[in-house]
K.L.:
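I have a structure here, written as structure tokens, and I will follow up with some questions on it.
One is the number of the first residue; the rest follow in order along the sequence. First listed ligand is number 1; within each ligand, the first listed atom is number 1.
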Amino acid sequence: MRIPIAAGNWKLNYGPQQTAEFLQSIRSELTEVQGVVNLVFPPYISVPAAVQALNGSNIYVGVQNVSEHTQGAFTGEVSAVMAAELCSWTIIGHSERRMYHHETDEMTHSKILRALDAGLSCVVCVGEQLAQREADNSEAVVAGQIQRGLASLPAEKLKDIVIAYEPVWAIGTGRAASRDDAESMAQMIRSVFAEMYGASSAQDLRILYGGSATAANIAAFMESPEIDGALVGGASLKPEFVQISRIIAESRR
Ligand code: 13P
């Protein structure tokens, strides 16, 4: 069975002090939730505070991005190897990076390779924009993101890949995808992965839903056997994240 995941992408929220305060406030309740992998992704500057606040807990810390470079004259960048000194996960290819920082599938691909090489597990984000959905192009867009972004990964590293399906129009809008839409995209993602890496790897692949996920709607997504948890934005900044984690865990009991 695939162990489900509750992941919180904090985006550009919570500096070191707020990170410590928030995590101390949810730590014990979140630690009690069994049968789910809990992940938090604070801003880079807050990662040490998060690691310290969660020391000895079963809650993992990750970064929201890594550089496609390993070292050198790249002002403002942080390499996967550096991130791996402090934490064990990274998000890669979030739509906000694709949109505002012009990340291409090729960049996503090299970042995934850097991250896997450094020993980080990756939550790779894919998802279509509203115009692409309206043009009935969602499947082709997402399949292309997977094919180009996840090409030629080492077989022994496939277990370190998680895919988050995050339709761009659902992010931060309060307008989540329907369970059926998320499920059919997850099925499509799994079948593209199966073509690339075989049925058994695809069966083991965890696929998360992201986009206005809340404690009120997550149970419906988890009714789908294709969806293995959530990548949560806004609601992960609140104690509601504990509730979301609990609902995800209970859905697989
Ligand atoms: P929201 O949950 O705020 O819509 O954000 C989703 C997201 O982008 C998580 O990566």
K.L.:
Go through the side-chain N and O atoms of Tyr165 and Glu183 and say whether any donor and acceptor fall under 3.5 Å apart.
P.N.:
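No - no donor-acceptor pair under 3.5 Å links their side chains.
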K.L.:
Look at atom 3 (O) of ligand 1 and say which protein heavy atom is nearest, naming residue and atom and giving the distance to 0.1 Å.
P.N.:
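In this structure, atom 3 (O) of ligand 1 has Gly234 N, 2.8 Å as its nearest protein heavy atom.
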K.L.:
Return the closest protein heavy atom for atom 5 (O) of ligand 1 as residue, atom name and distance.
P.N.:
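Looking only at protein heavy atoms, the one closest to atom 5 (O) of ligand 1 is Lys11 NZ, 3.2 Å.
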K.L.:
May I ask whether Leu153 and Val142 are part of the same hydrophobic cluster, defined by side-chain heavy atoms of I, L, V, M, F, W, Y residues being less than 4.5 angstrom apart, directly or through others?
P.N.:
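Hydrophobic grouping puts Leu153 with Val142.
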K.L.:
Could you work out, with ring-ring contact (aromatic ring centres under 6.0 Å, His included) as the rule, every residue matching Trp10, not counting sequence neighbours?
P.N.:
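Counting only residues at least two positions away or on another chain, Trp10 forms a ring-ring contact (aromatic ring centres under 6.0 Å, His included) with Tyr14, Phe22.
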K.L.:
Between Arg190 and Asp204, does at least one N-O distance fall below 4.0 Å, as a salt bridge requires?
P.N.:
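Answer for the salt bridge query: no.
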K.L.:
With heavy-atom distances below 4.0 Å as the criterion, list the atoms of ligand 1 near Leu231.
P.N.:
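Result: 9 (C), 10 (O).
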K.L.:
Once rounded to the nearest 0.5 Å, what's the spacing between atom NE2 of His109 and atom CD1 of Ile92?
P.N.:
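Between His109 NE2 and Ile92 CD1, I get 10.5 Å after rounding to 0.5 Å.
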K.L.:
From the options Glu68, Glu106, Glu103, select the one residue that forms a side chain to side chain donor-acceptor pair (under 3.5 Å) with Lys111.
P.N.:
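Among the candidates, only Glu103 passes.
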K.L.:
Tell me which one of Gln64, Glu96, Glu166 gets a heavy atom nearest to atom 7 (C) of ligand 1.
P.N.:
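Of the listed residues, Glu166 has the closest heavy atom.
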K.L.:
Ignoring angles and geometry beyond distance, decide whether Thr173 reaches within less than 3.5 Å of ligand 1 through its nitrogen or oxygen atoms.
P.N.:
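N/O-N/O distance below 3.5 Å does not exist for this pair.
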K.L.:
Does Ser212 come within less than 4.0 Å of ligand 1, judged by its heavy atoms?
P.N.:
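True for this residue.
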K.L.:
Counting heavy atoms only, which of Gly127, Gly8, Gly233, Gly172 comes nearest to atom 4 (O) of ligand 1?
P.N.:
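Comparing heavy atoms across Gly127, Gly8, Gly233, Gly172, the nearest one to atom 4 (O) of ligand 1 lies in Gly172.
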K.L.:
Using a 4.0 Å cut-off to any heavy atom of Gly211, which atoms of ligand 1 qualify?
P.N.:
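Ligand 1 atoms under the 4.0 Å threshold to Gly211: 4 (O), 6 (C).
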